[in-house]
Amino acid sequence: MEKKIINCNLIENTNSEVLLEFYFDEKTYINLNSTDQNKLSETFIPLIRETLQCEIEIKLVKPQQIKNKLFEEIAEEYVTDLNKELIKIYEDIQKELNT
């Protein structure tokens, strides 16, 4: 089965916030500057739903120039870790369905 690629845009907005932006039925985002993580479920629930149907991979789409290289590195690491977790979830789901 092929993987479904989901793009995640790295965005620096005018408020100097760094966002990981996802598109599902509507746009959702993770604010890398914020300690308030209430919006995480708006992103993770659709990701889990997608994982129930097929294996997915998040692809980080970066702008040509980003002011804060540290946030770029953090975003890359975040997406790498997220992909590892999504693989594990997909494998666990497949294992449960096959037992």
Side-chain angles (χ1 to χ4, degrees):
M1 180 180 283
E2 289 189 33
K3 286 185 184 179
K4 178 177 181 179
I5 304 297
I6 297 176
N7 288 332
C8 169
N9 298 306
L10 177 60
I11 297 172
E12 280 183 293
N13 68 15
T14 55
N15 298 329
S16 298
E17 294 175 320
V18 180
L19 309 173
L20 294 178
E21 186 177 64
F22 297 81
Y23 292 94
F24 298 104
D25 292 334
E26 58 186 53
K27 190 182 341 180
T28 65
Y29 65 89
I30 297 170
N31 184 338
L32 296 179
N33 296 69
S34 178
T35 57
D36 178 15
Q37 298 300 315
N38 290 326
K39 292 188 72 73
L40 281 177
S41 65
E42 292 176 19
T43 301
F44 289 125
I45 290 172
L47 283 174
I48 299 301
R49 283 190 186 126
E50 290 288 336
T51 303
L52 289 170
Q53 298 179 17
C54 65
E55 189 173 359
I56 63 172
E57 180 179 340
I58 306 301
K59 179 183 174 195
L60 183 62
V61 179
K62 300 181 280 189
Q64 288 189 349
Q65 293 206 332
I66 188 163
K67 296 174 193 168
N68 191 328
K69 292 294 183 186
L70 177 60
F71 279 116
E72 180 178 16
E73 292 173 15
I74 290 169
E76 289 170 349
E77 185 67 29
Y78 193 96
V79 169
T80 298
D81 290 346
L82 182 57
N83 278 323
K84 288 177 186 175
E85 288 299 317
L86 291 170
I87 289 169
K88 184 177 181 328
I89 291 168
Y90 178 78
E91 289 172 349
D92 288 348
I93 289 169
Q94 294 305 306
K95 190 185 301 180
E96 286 295 318
L97 291 174
N98 291 325
T99 57

- Task: Taking all heavy atoms of C8 and all of F22, pick out the closest pair and write down the distance.
- Result: SG-CZ, 3.5 Å
- I58 and L20: same hydrophobic cluster, using ILVMFWY side-chain contacts below 4.5 Å? yes
- Task: Nearest 0.5 Å please: distance from the NZ atom of K62 over to the CD1 atom of I11.
- Result: 14.5 Å
- Between the OG1 atom in T51 and the CD1 atom in I87, the distance rounded to the nearest 0.5 Å is 10.0 Å
- Query: According to a 4.5 Å side-chain heavy-atom criterion applied to Ile, Leu, Val, Met, Phe, Trp and Tyr, with indirect links allowed, do Y29 and V61 form part of one hydrophobic cluster?
  - Reply: no
- Task: List for me each residue that meets side chain to side chain donor-acceptor pair (under 3.5 Å) alongside K4, sequence neighbours excluded, and say none if there are none.
- Result: E50
- Side-chain heavy atoms under 4.5 angstrom apart, residues restricted to Ile, Leu, Val, Met, Phe, Trp, Tyr: same cluster for I5 and L86? no
- Query: Could you give the distance from CD1 (I6) to NZ (K59), rounded to the nearest 0.5 Å?
  - Reply: 13.0 Å
- Sequence neighbours left out, what passes side chain to side chain donor-acceptor pair (under 3.5 Å) with T28? Give chain and number order. T43
- Message: Show me the pairs that pass side-chain hydrogen bond (donor to acceptor under 3.5 Å, both in side chains) and involve residues 79-89, at least two apart or across chains.
- Response: K88-D92
- Output all residues satisfying side chain to side chain donor-acceptor pair (under 3.5 Å) with E12, sequence neighbours left out; order by chain, then residue number. none
- Item | Residues forming a salt bridge (Lys or Arg N to Asp or Glu O under 4.0 Å) with E42, sequence neighbours excluded | K39
- Message: Restricting to non-hydrogen atoms, name the atom on P46 and the atom on S41 that form the minimum distance, rounded to 0.1 Å.
- Response: CD-O, 4.0 Å
- Rounded to the nearest 0.5 Å, how far does CG of N33 lie from CG of N13? 8.0 Å
- How many angstroms lie between CZ in F71 and CG in L19, if you round to the nearest 0.5 Å? 10.5 Å
- Identified side chain to side chain contact (heavy atoms under 4.5 Å, CB included) counterpart of L60 within the set L82, V79, N9: V79
- Query: N98: what forms a side chain to side chain donor-acceptor pair (under 3.5 Å) with it, not counting sequence neighbours?
  - Reply: none
- Considering residues at least two apart in sequence or located in another chain, which fulfil the side chain to side chain contact (heavy atoms under 4.5 Å, CB included) criterion with L97? I93, Q94
- Test item: L10 and P63 side chains (from C-beta on) under 4.5 Å apart, heavy atoms: yes
- Message: List the residues meeting salt bridge (Lys or Arg N to Asp or Glu O under 4.0 Å) with E17, not counting sequence neighbours, and say none if there are none.
- Response: none
- In short, L47 meets I56 closest at the heavy-atom pair O-CD1, 3.7 Å
- Task: Taking side chain to side chain contact (heavy atoms under 4.5 Å, CB included) as the test, write out the residues that go with L40, two or more places apart.
- Result: I30, Q37, F44, Y78
- Task: Please list, chain by chain and in numerical order, all residues satisfying salt bridge (Lys or Arg N to Asp or Glu O under 4.0 Å) with K69, sequence neighbours excluded.
- Result: E72
